[in-house]
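Notes to accompany the following structure.
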Amino acid sequence: MKKLIYLDNAATTKTSQEVVDAMLPYFTENYGNPSSIYEIGTKSKAAITAAREQIAQVLNAKPEEVYFTAGGSEADNWALKATFEAYKDKGNHIITTKIEHHAILHTCEYLEKRGARITYLDVDENGVVDLEQLEKEITPETILISVMFANNEIGTIQPIAEIGKIAKEHNILFHTDAVQAFGQVPIDVDACSIDMLSSSGHKICGPKGIGFLYIRKGVKIRSFVHGGAQERKRRAGTENVPGIVGYGVAAKRAADTMKERTATEIEVRDYLITQILNAVPHAKLNGHPTKRLPNNVNISFEFIEGESLLIMLDMEGIAASSGSACTSGSLDPSHVLLAIGLPHEKAHGSLRLTLSEETTKEDADFVVEKIKGIVERLRSMSPLYEDFMKKSQHNK
Amino acid sequence: MYSEKVMDHFQNPRNVGEIEGASGVGTVGNAKCGDIMRMYLDIDDNGIIQDCKFKTFGCGAAVATSSMATELVKGKTIQEALEVTNKAVMEALDGLPPVKVHCSLLAEEAIHAALWDYAEKHHIKIEGLSKPKSDISEGEEEEEY
């Protein structure tokens with residue numbers, strides 16, 4: 001079999017062996033329901049408690065402020081919908097950004113149809129929100145500010161502590177979608193005045209189908225899933241015990257190895273960016289050059305389309321993703337790339353490479369060589385490139 | 001997601017390139033939806049398409065439909081080329097995923113645009129050919145939940 005170079009770790013990650021080993025006993029040995037009183041039930045309960053503590057520690061939160069969900073999307077839905085309901089008396093205004101994940105944006109659209117007023121903040125060409133605009137948009141009816149910690153496509157990290165400070169000064173709740181940031185960059189919910197935070201297990205070498213919403217003590221949102229008394233009566237349903245156990249181990253592992261791991265990733269990331277930009281003309285880095293996730297590379301190649309590039313990379317054993325329309329299932333390219341000001345044709349020609357701790361410089365060299373050849377080949381077939389070349393010859 | 005034939009035409013596209021002094025050239029699509037096709041036709045005095053080449057900016061399906069369309073019109077008369085519909089292109093490729101059907105419409109439109117250019121240059125009227133739209137995009141209705 002061809003060697004796989006997996007560079008789509010923002011989509012999902014390989015579950016670490018340590019995580020799998022920790023989970024396995026909770027399928028066939030300690031399979032008891034955590035709500036039961038007999039021994040294998042209480043063992044499950046203890047395992048959940050331990051995982052909750054592991055996760056709380058990473059955030060500098062209290063364990064009872066961590067509520068397990070079925071993933072990041074559920075956590076985002078819960079935070080927004082339940083805040084809108086619980087704080088109706090105060091107002092109906094929510095401030096978010098144009099570059100959020102669809103779990104936020106589509107939930108906002110849903111709430112708009114039910115009477116919410118949503119402000120979508122602009123971002124600059126690097127994808128950073130404008131704090132002045134944020135302050136200006138705040139009204140007495142504003143009940144929530146929701147800004148993602150780091151962007152999933154272009155990797156830009158937002159000034160979260162400053163946003164938290166503004167929210168706190170105006171006595172407005174602050175939610176952050178930290179699905180890409182949790183375990184990748186240090187997060188302190190107190191230092192950043194975060195009231196709610198969403199995260200997902202499978203982005204940090206944990207299992208799929210598990211996430212959590214951090215809810216600061218005192219935030220009055222109610223249950224989103226009704227039924228039993230699990231999760232302090234705030235999220236019904238028998239707990240995903242193996243998932244929770246795996247998530248706890250993954251979170252601890254991510255925090256323990258963060259410093260060293262991300263230093264290596266940043267080195268390979270910057271090497272990869274430099275090498276691609278040196279090898280391929282008419283290419284541009286998307287996202288902030290330094291305030292970006294340690295493992296994120298996002299580059300637009302002019303005159304070509306992303307899906308073609310992805311298929312050709314796949315044939316070389318390289319797994320990556322793109323912000324082109326074809327990969328989104330619609331005719332529009334990525335809303336994030338449009339929000340940072342890319343014209344449609346450049347947004348269609350974007351490539352996202354998200355590294356893991358296993359990605360080496362040798363991998364990077366192989367990938368750069370392949371990208372160079374594929375981009376040349378696709379350009380030779382592109383009418384846009386033909387026009388560009390004719391124009392530049394004409395101008396000579 | 002793609003049939004073997006689509007993958008074959010994507011990986012080994014037939015008739016990529018330009019024709020110098022082509023009898024007709026047509027460009028359709030737009031950068032907004034992410035697909036642009038340019039079709040070159042070389043038509044002889046008897047109205048037979050002697051050669052056909054293309055350039056495409058777009059996804060795998062866009063490249064494959066352009067490639068197949070050039071294969072289907074080569075050697076045909078103008079009237080026969082007009083009968084190369086998007087359905088014919090799709091069938092020849094053993095089908096396309098539903099979200100990619102617009103690529104085959106674009107390929108059909110690219111042939112028409114090149115023929116239209118030929119007709120205009122030669123001051124003739126081609127029976128059954130109307131001025132092609134330069135912009136093809138399906139009006140997709142999304143379901144609400």
Side-chain angles (χ1 to χ4, degrees), chain A residues 77 81 102 106-107 109-114 282 300-316 322-334 337-338 342-350 374-390, chain B residues 1-2 6-20 25-40 53-64 66-67 70 96-103 105-106 110 113 135-142 144-145:
Chain A
N77 270 262
K81 290 176 184 168
H102 285 128
H106 288 163
T107 304
E109 285 165 22
Y110 171 90
L111 292 175
E112 275 177 320
K113 292 197 184 98
R114 283 152 185 83
H282 313 296
S300 278
F301 299 99
E302 277 189 74
F303 319 118
I304 65 160
E305 194 276 337
E307 192 209 76
S308 292
L309 178 57
L310 292 188
I311 301 174
M312 288 188 172
L313 285 171
D314 181 39
M315 293 188 302
E316 302 291 352
S322 164
S324 93
C326 291
T327 56
S328 71
S330 75
L331 287 180
D332 286 320
S334 145
L337 297 175
L338 295 180
L342 289 196
H344 277 79
E345 63 271 26
K346 285 188 195 173
H348 282 297
S350 78
I374 293 169
V375 170
E376 271 169 19
R377 180 155 176 229
L378 288 172
R379 281 182 179 164
S380 75
M381 291 168 52
S382 165
L384 295 177
Y385 191 60
E386 181 187 316
D387 292 346
F388 170 79
M389 290 306 280
K390 279 187 181 151
Chain B
M1 94 190 227
Y2 289 134
V6 173
M7 284 305 286
D8 176 36
H9 275 263
F10 172 67
Q11 289 173 47
N12 312 294
R14 285 39 151 196
N15 311 308
V16 181
E18 299 162 53
I19 297 175
E20 287 281 333
V25 185
T27 305
V28 295
N30 64 50
K32 194 167 183 289
C33 77
D35 295 301
I36 297 171
M37 285 183 196
R38 181 169 296 161
M39 200 75 86
Y40 296 85
K53 291 208 184 292
F54 81 92
K55 283 209 173 173
T56 289
F57 163 88
C59 61
V63 173
S66 321
S67 166
T70 59
L96 284 174
V99 293
K100 302 289 186 183
V101 172
H102 72 276
C103 293
L105 286 165
L106 209 56
D135 187 347
I136 308 259
S137 56
E138 282 178 298
E140 271 181 280
E141 287 290 318
E142 279 191 45
E144 287 278 339
Y145 292 99

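Numbered from 1 within each chain, the chains take letters A, B, ... in sequence-line order. Everything quoted here is computed from the prediction, not taken from an experiment.
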> Checking A/Arg379 against chain B: side chain, backbone, both or neither under 4.5 Å from a heavy atom?
Replying inline: neither

> In chain order, what residues pass the side-chain hydrogen bond (donor to acceptor under 3.5 Å, both in side chains) check against A/Lys81, with sequence neighbours excluded?
Replying inline: A/Asn77

>> For A/Tyr385, which atoms come within 4.5 Å of any heavy atom of chain B: side chain, backbone, both, or neither?
In response: neither

> Just wondering, are more than 12 heavy atoms of other shown residues or ligands nearer than 6.0 Å to NZ in A/Lys346?
Replying inline: no

>> Just so I know, are the side chains of B/Lys55 and A/Glu386 near enough to count as touching, which here means a heavy-atom distance under 4.5 Å?
In response: yes

>> Is B/Glu18 in contact with chain A via its backbone, its side chain, both, or neither, using a 4.5 Å heavy-atom distance?
In response: side chain

> So, A/Ser308 side chain and B/Gly58 main chain: donor-acceptor pair closer than 3.5 Å or not?
Replying inline: yes

> Do A/Met381 and B/Pro13 come close enough that some side-chain heavy atom pair is under 4.5 Å?
Replying inline: yes

> Is the shortest heavy-atom distance from the side chain of B/Met7 to the side chain of A/Ile311 under 4.5 Å?
Replying inline: yes

>> On a heavy-atom basis, which atom in A/Glu345 and which in B/Phe57 lie closest, and how many Å separate them?
In response: O-CZ, 4.0 Å

> Got B/Arg38 and A/Asp387 here, is their nearest side-chain heavy-atom distance under 4.5 Å?
Replying inline: yes

> Can you name the salt bridge (charged side-chain N to carboxylate O under 4.0 Å, His left out) partners of A/Glu109, sequence neighbours left out?
Replying inline: none

> Going from OG1 on B/Thr56 to CG on A/Leu378, what distance comes out if it is rounded to the nearest 0.5 angstrom?
Replying inline: 11.0 Å

> Just how far is it from atom NE2 of A/His348 to atom CG of B/Asp35, taken to the nearest 0.5 Å?
Replying inline: 7.5 Å

